[in-house]
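Just so you know, residue 1 is the first one in the sequence shown, and it goes up from there. Nothing here was measured: the structure is a model prediction, and the numbers come from that model. As a basis for the values below, the full set of heavy atoms in this structure was taken, side chains included, without hydrogen atoms, waters or symmetry mates. Numbering of ligands and ligand atoms starts at 1, following listing order.
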Amino acid sequence: MTQDEMKFAVAQEALKYVVKDTIIGVGTGSTANFFIDALATMKGDIKGCVASSVATAERLEGHGIKVFDLNEVEAISVYIDGADESDDGLNLIKGGGGALTREKIVAAVADKFVCIADESKLVKVMGNFPLPVEVIPMAANYVMHQITRRIGGTPFIRENFTTDNGNLILDVEGLKITDAKTMETEIDSIIGVVTNGLFANRGANVLLLGTPNGVKVVGT
Ligand code: 5RP
């Protein structure tokens, strides 16, 4: 089974978590794109979606799915999105696509977070994937120094990339993330950081993992 076939399978499985007649939060990335295409098959069953990026909003609208501004909605029943890494506590690294801040906001509002990924994303200790950190551009050097001094790892500015919010992304290499909640809080406390790609204080509730033997469900 190819990686894309596993992503397709988890996207199909995620349809089971869509709550009818509600607003759904939708993530960003190649796995989320498979989910958007799957969601289009039942678009008449939902009120619409809140998107975590401009790209996701465009894909949803391309399928004729209504996209709401987050400030217009009272509640989001479920947020469905991919991840770059997960540990077995369902702490995640996200932001490979640079959409981490909006993703984290939509995840915070949602009653439930269903993460969809192929099995390569599940690791014992996170950090092999560089941790994305969104920063206000004028603070980039300051934040890089603070991360090196207080957190460790080596931050690099992501080249030729601006987030949907007009900011920069630092990718921090060489971390071994054994206490994701503490690290998430510590990085967010650095002035100039908008948010970081650790989703631990609000991790996933359910992880749907695509494997060659079918979809494995972790969590409830
Ligand atoms: C985007 C993300 C994505 O969820 C993450 O990068 C995984 O992407 P993909 O499904 O393409 O592997 O956090 O900001």
Side-chain angles (χ1 to χ4, degrees), residues 1-14 17 24-39 49-60 70 78-87 90-108 110 112-123 126-135 156-173 175 177 180 184 187-188 193-211 215:
M1 209 183 219
T2 65
Q3 212 176 16
D4 273 357
E5 284 167 339
M6 289 190 262
K7 289 179 183 181
F8 177 82
V10 289
Q12 291 294 323
E13 187 70 20
Y17 293 83
I24 311 300
V26 183
T28 299
S30 58
T31 318
N33 283 345
F34 278 109
F35 173 69
I36 294 167
D37 297 346
L39 187 63
C49 295
V50 171
S52 63
S53 64
V54 172
T56 288
E58 287 173 356
R59 196 174 184 102
L60 287 163
L70 182 56
V78 62
Y79 177 59
I80 298 179
D81 194 4
D84 299 301
E85 279 185 347
S86 173
D87 65 19
L90 304 196
N91 304 300
L92 311 173
I93 288 182
K94 293 184 44 54
L100 59 158
T101 299
R102 294 188 187 197
E103 292 173 339
K104 201 175 269 198
I105 294 168
V106 184
K112 188 171 200 166
F113 179 0
V114 176
C115 182
I116 50 177
D118 66 84
E119 64 174 358
S120 69
K121 305 286 181 73
L122 184 62
V123 296
M126 296 191 296
N128 205 27
F129 190 91
L131 177 66
V133 180
E134 180 164 353
V135 295
F156 294 94
I157 295 179
R158 194 177 294 183
E159 285 186 6
N160 302 319
F161 188 85
T162 305
T163 70
D164 286 349
N165 313 308
N167 296 318
L168 298 176
I169 297 285
L170 305 179
D171 290 304
V172 187
E173 295 186 353
L175 296 173
I177 303 170
E184 179 181 3
I187 296 175
D188 278 350
V193 169
V194 179
T195 194
N196 73 84
L198 279 171
F199 284 54
N201 292 306
R202 200 288 181 251
N205 301 103
V206 181
L207 175 62
L208 302 179
L209 268 187
T211 81
V215 176

(request) Could you find the nearest protein heavy atom to atom 3 (C) of ligand 1 and give me its residue, atom name and distance? (result) Thr28 O, 3.1 Å
(request) Give the residue and atom name of whichever protein heavy atom lies nearest to atom 1 (C) of ligand 1, and the separation in Å to one decimal. (result) Glu103 OE2, 3.1 Å
(request) Go through ligand 1 atom by atom and flag the ones less than 4.0 Å from a non-hydrogen atom of Gly98. (result) 14 (O)
(message) With heavy-atom distances below 4.5 Å as the criterion, would you say the side chains of Ile157 and Leu170 are in contact?
(response) yes
(message) Among all protein heavy atoms in this structure, tell me which lies nearest to atom 12 (O) of ligand 1, with the distance rounded to 0.1 Å.
(response) Lys121 NZ, 2.7 Å
(message) Restricting to non-hydrogen atoms, name the atom on Val78 and the atom on Tyr17 that form the minimum distance, rounded to 0.1 Å.
(response) CG1-O, 3.5 Å
(message) Within the 4.0 Å heavy-atom shell around Gly82, which atoms of ligand 1 are there?
(response) 4 (O)
(message) Whether the side chain of Gln12 engages the backbone of Ala38 through a donor-acceptor N/O pair (distance < 3.5 Å, no angle test) should be reported.
(response) no
(request) Determine yes or no for a side-chain-to-main-chain donor-acceptor pair under 3.5 angstrom, with Thr195 supplying the side chain and Thr101 the backbone. (result) no
(message) Restricting to non-hydrogen atoms, name the atom on Leu100 and the atom on Gly197 that form the minimum distance, rounded to 0.1 Å.
(response) CD1-N, 3.4 Å
(request) Could you tell me the residue and atom name of the protein heavy atom closest to atom 10 (O) of ligand 1, and the distance to it rounded to 0.1 Å? (result) Thr31 OG1, 2.5 Å
(message) Starting from atom 11 (O) of ligand 1, what is the nearest protein heavy atom, named by residue and atom, and what distance separates them?
(response) Ser30 OG, 2.5 Å
(request) Please identify which atoms of ligand 1 are closer than 4.0 Å to at least one heavy atom of Gly97. (result) 1 (C), 6 (O), 14 (O)
(request) Would you check whether Gly95 reaches within less than 4.0 Å of ligand 1, judged by its heavy atoms? (result) yes
(message) I'd like to check Phe113 versus Leu92 (side-chain heavy atoms, cut-off strictly below 4.5 Å). Are they in contact?
(response) yes
(message) For ligand 1, which is the ligand I care about here, please tell me if Ala99 has any N or O atom under 3.5 Å from one of the ligand's N or O atoms.
(response) yes
(request) Below 4.0 angstrom from a heavy atom of Asp81, which ligand 1 atoms are there? Numbered from 1 as shown, please. (result) 4 (O)
(message) Below 4.0 Å, non-hydrogen atoms only: which portion of Ser53 touches ligand 1? Side chain, backbone, both or neither.
(response) neither
(request) Under 4.0 Å from a heavy atom of Gly29: give me the atoms of ligand 1 that qualify, with their elements. (result) 11 (O)
(request) Looking only at protein heavy atoms, identify the closest one to atom 4 (O) of ligand 1 and say how far it is in Å. (result) Lys94 NZ, 2.9 Å
(message) I want to check something: taking the side chain as every heavy atom from C-beta on, are Tyr79 and Ser52 in contact at a cut-off of under 4.5 Å?
(response) yes
(request) Search all heavy atoms of Gln3 against all heavy atoms of Asp118 and return the closest pair with its distance. (result) NE2-OD2, 3.3 Å
(message) Under a 4.0 angstrom heavy-atom cut-off, which atoms of ligand 1 come close to Gly96?
(response) 6 (O), 13 (O), 14 (O)
(request) Might you point out which heavy atoms bring Arg59 and Asn33 nearest each other, and give the distance in Å? (result) CD-OD1, 3.1 Å
(message) Run the side-chain contact (heavy atoms from CB on, under 4.5 Å) test against Asn167 and tell me which residues pass, sequence neighbours left out.
(response) Glu134, Ile136, Pro137, Thr163, Asn165, Val194
(request) Report the nearest protein non-hydrogen atom to atom 5 (C) of ligand 1: residue, atom name, distance rounded to 0.1 Å. (result) Asp84 OD1, 3.2 Å
